Amino acid sequence: MQDVYHREINYLRVSVTDRCNLRCVYCMPAGGVKLISHDDILRNGEIARLVEAAALAGIKKVRLTGGEPLVRKGLADLVAAVRAVPAIDDIALTTNGILLPAMAGELKEAGLRRVNISLDTLDPRLFRQITRNGELSQVWKGIETALGLGLNPVKINTVVMRGINDSEITGIAALTLRYPLHVRFIELMPVKASNDWAADRYVPTSEVKALIEGGLGALNEARRPAGNGPAMYYRLSGAPGTIGFISPVSDHFCRRCNRLRLTAEGMIRPCLYGGREVDARAPLRRGAGIAELASLFRQAVMMKPDRHSMDKGWTDKRRNMSQIGG
Ligand code: SAM
Ligand code: SF4
Ligand code: SF4
């Protein structure tokens, strides 16, 4: 599908739940999160039907995200159902990794090939602060499980925050010297939970890159691992893994945007930063045919803005990041 700015849109990020077993400071508020009622969340069959419709409209790649996708019951069945849609040639998952040790095996069996795991620090105490009580050792076990099962590539997502985890950058980058991990440093974005402080904590990619090169040596351009994200990739000399940078703030990768989002309650969201959505759940539940559902994805593509309006901060009063899927 081409949008009005001639970008090819072939990637759908599906938020499978708004629930999460962590409360990362940059993504969710500490408390008082109003959860979507279970009846309003799409069921597995409904998500699979919408993915089928999206595929008919031109979507080829799907990522399951959340909230925390692994807290959704029946996730492996959902992976298998999405995998069964013939036109979808890639299915991936973004997770905080906490439940991966227990679930990675069944997910792989269901057809999952690769996984992105979020990890912002190697210090258990800081991890508890950032995630508001998460246990780092579980995530690390999750990473080892994913590597051991041959899920490939295993990508690590690290959101960099000044004065919080910027001292961890070289340590996390150095993981690529020991493991075939693909670490991606992500610029902090102002979203509902971090709108008031993100600007003060933001560290641009240029600074992160300079810190790594200062501490660990030159970064040489590398081939991108499988996937179709906006990261630029580099490699430290002799490293089995790569280092990538995702720069939504300093580099408006919107001009290379290839994505739509589907929220857990079945709204197609043309842009992370625009509040506009196309309701797919109501037509789905009243029995709309596949062609009508596909047209909703085309309609959402035509609503895509040329770029985000992040400089105005997060203006969507209804949703926080965990409800959209990052
Ligand atoms: N729970 C899963 C996880 O943490 O990987 C999947 C959902 S999470 C919303 C998806 C990604 O969004 C994570 O890598 C997270 O670090 C990133 N993210 C959340 N809030 C962010 C923010 N304010 N700025 C940049 N990235 C953010
Ligand atoms: Fe949960 Fe992921 Fe958001 Fe952290 S970033 S609160 S793990 S959804
Ligand atoms: Fe695409 Fe919107 Fe993200 Fe820019 S902010 S890359 S237009 S979804």
Side-chain angles (χ1 to χ4, degrees), residues 3-5 7 9 11-30 33 63-72 92-100 115-121 127 130-134 138-139 142 155-161 165 183-199 201-203 229-231 246-249 251-261 263-264 268-276 300-301 303-311 313-314 316 319-326:
D3 72 359
V4 291
Y5 303 102
R7 295 172 297 196
I9 310 300
Y11 174 38
L12 181 67
R13 295 178 67 98
V14 181
S15 173
V16 301
T17 179
D18 60 329
R19 271 91 171 146
C20 187
N21 45 2
L22 298 180
R23 288 284 181 278
C24 302
V25 290
Y26 47 72
C27 177
M28 285 180 92
V33 182
R63 173 171 299 277
L64 304 180
T65 175
E68 173 48 37
L70 299 195
V71 304
R72 182 183 164 114
L93 175 83
T94 299
T95 171
N96 62 31
I98 295 276
L99 297 174
L100 259 190
V115 67
N116 289 13
I117 304 170
S118 297
L119 176 74
D120 301 328
T121 171
F127 187 80
I130 294 175
T131 60
R132 301 196 181 96
N133 240 0
Q138 283 171 282
V139 178
K155 296 183 186 172
I156 302 293
N157 287 351
T158 304
V159 177
V160 183
M161 293 164 281
N165 68 341
V183 173
R184 295 112 48 83
F185 292 98
I186 304 175
E187 286 178 343
L188 173 67
M189 298 184 280
V191 304
K192 197 173 179 194
S194 53
N195 216 8
D196 297 338
W197 54 268
R201 298 292 192 189
Y202 161 75
V203 184
I246 302 182
S247 319
V249 184
D251 167 28
H252 306 298
F253 55 61
C254 301
R255 61 183 171 274
R256 304 189 297 276
C257 184
N258 61 352
R259 61 198 54 196
L260 285 178
R261 290 176 164 81
T263 70
I268 308 169
R269 193 159 166 121
C271 175
L272 174 63
Y273 264 80
R276 298 174 76 195
V301 161
M303 286 161 61
K304 279 184 73 64
D306 62 336
R307 51 162 295 178
H308 60 65
S309 46
M310 208 182 286
D311 43 346
W314 189 258
D316 188 338
R319 299 194 193 283
N320 57 38
M321 187 72 149
S322 58
Q323 292 169 317
I324 302 169

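Whatever order the structure lists them in is the order used to number ligands and atoms, beginning at 1. Just so it is clear, the model here is predicted, and its values are computed rather than measured.
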- Please indicate whether any nitrogen or oxygen in Y26 is less than 3.5 Å from any nitrogen or oxygen in ligand 1.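 Between Y26 and ligand 1 (N or O atoms, distance only) the closest approach is under 3.5 Å.
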- Message: Can you confirm, on distance only, whether ligand 1 has an N/O atom lying under 3.5 Å from any N/O atom belonging to M189?
- Response: yes
List ligand 1 atoms under 4.0 Å from [X], heavy atoms only on the residue side.
X	result
E68	1 (N), 2 (C)
T95	2 (C), 3 (C), 5 (O)
T65	6 (C), 7 (C)
E187	25 (C)
V191	23 (N)
N96	2 (C), 3 (C), 5 (O)

- Item | Which residue and heavy atom of the protein sit nearest atom 6 (S) of ligand 2, plus the separation |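 Nearest neighbour among protein heavy atoms for atom 6 (S) of ligand 2, to 0.1 Å: C24 N, 3.2 Å.
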- Message: Under a 3.5 Å threshold, yes or no: a donor from one side chain and an acceptor from the other, between E68 and N96?
- Response: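 The answer is yes; a qualifying pair exists.
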- Query: Between T94 and R63, do the side chains contain an N or O donor and an N or O acceptor separated by less than 3.5 Å?
  - Reply: yes
- How does C20 reach ligand 2, by side chain, by backbone, by both or by neither, if only non-hydrogen atoms under 4.0 Å count?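 The side chain, only.
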- Task: For K304 and ligand 3, answer yes if some heavy atom of the residue is under 4.0 Å from a ligand atom, otherwise no.
- Result: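 Distance cut 4.0 Å: K304 passes for ligand 3.
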Going by the closest heavy atom to [atom], which one wins out of [options]?
atom	options	result
atom 3 (Fe) of ligand 2	G67, A193, C27	C27
atom 1 (N) of ligand 1	G66, G67, C20, S194	G67
atom 14 (O) of ligand 1	P190, S118, S15	S118

- Message: Can you give me the closest heavy-atom contact between R7 and C254, atom names plus distance?
- Response: NH1-O, 2.7 Å
- Message: Minimum heavy-atom separation for Y5 and D306, please, with both atom names.
- Response: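 So the minimum-distance heavy-atom pair works out to CE1-N, 3.3 Å.
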In ligand 3, which numbered atoms sit nearer than 4.0 Å to a non-hydrogen atom of [X]?
X	result
L272	2 (Fe), 8 (S)
C254	4 (Fe), 5 (S), 6 (S), 7 (S)
R261	8 (S)
C257	1 (Fe), 6 (S), 7 (S), 8 (S)
F253	6 (S)

Keeping the roles fixed (side chain from [X], backbone from [Y]), state whether a donor-acceptor pair exists under 3.5 Å.
X	Y	result
K304	R259	yes
S194	M189	yes
R72	D18	no
T95	I117	no

- Task: Give a yes/no verdict on whether any heavy atom in C24 is under 4.0 Å from an atom of ligand 1.
- Result: no
- Message: I'd like to know whether CZ of R132 has more than 12 heavy-atom contacts from other residues, nucleotides or ligands below 6.0 angstrom.
- Response: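 Buried by this count: over 12 neighbours within 6.0 Å.
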- Query: Heavy-atom contacts under 4.0 Å between L22 and ligand 1: side chain, backbone, both, or neither?
  - Reply: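 No part of L22 is near ligand 1 at this cut-off.
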- How does N157 reach ligand 1, if at all, at less than 4.0 Å between non-hydrogen atoms: by side chain, backbone, both, or neither? side chain
- May I ask you to check whether H308 brings an N, O or S atom to under 2.8 Å from atom 1 (Fe) of ligand 3? no
- Message: I want to check something: taking the side chain as every heavy atom from C-beta on, are C257 and Y11 in contact at a cut-off of under 4.5 Å?
- Response: no
- Give a yes or no on whether C271 keeps an N, O or S atom under 2.8 Å from atom 2 (Fe) of ligand 3.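 Under 2.8 Å: C271 contacts atom 2 (Fe) of ligand 3 through an N, O or S atom.
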- Task: Mark up the atoms of ligand 2 that fall under 4.0 Å of a heavy atom belonging to M28, in ascending order.
- Result: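 Those of ligand 2 that fall under 4.0 Å from M28 are 6 (S).
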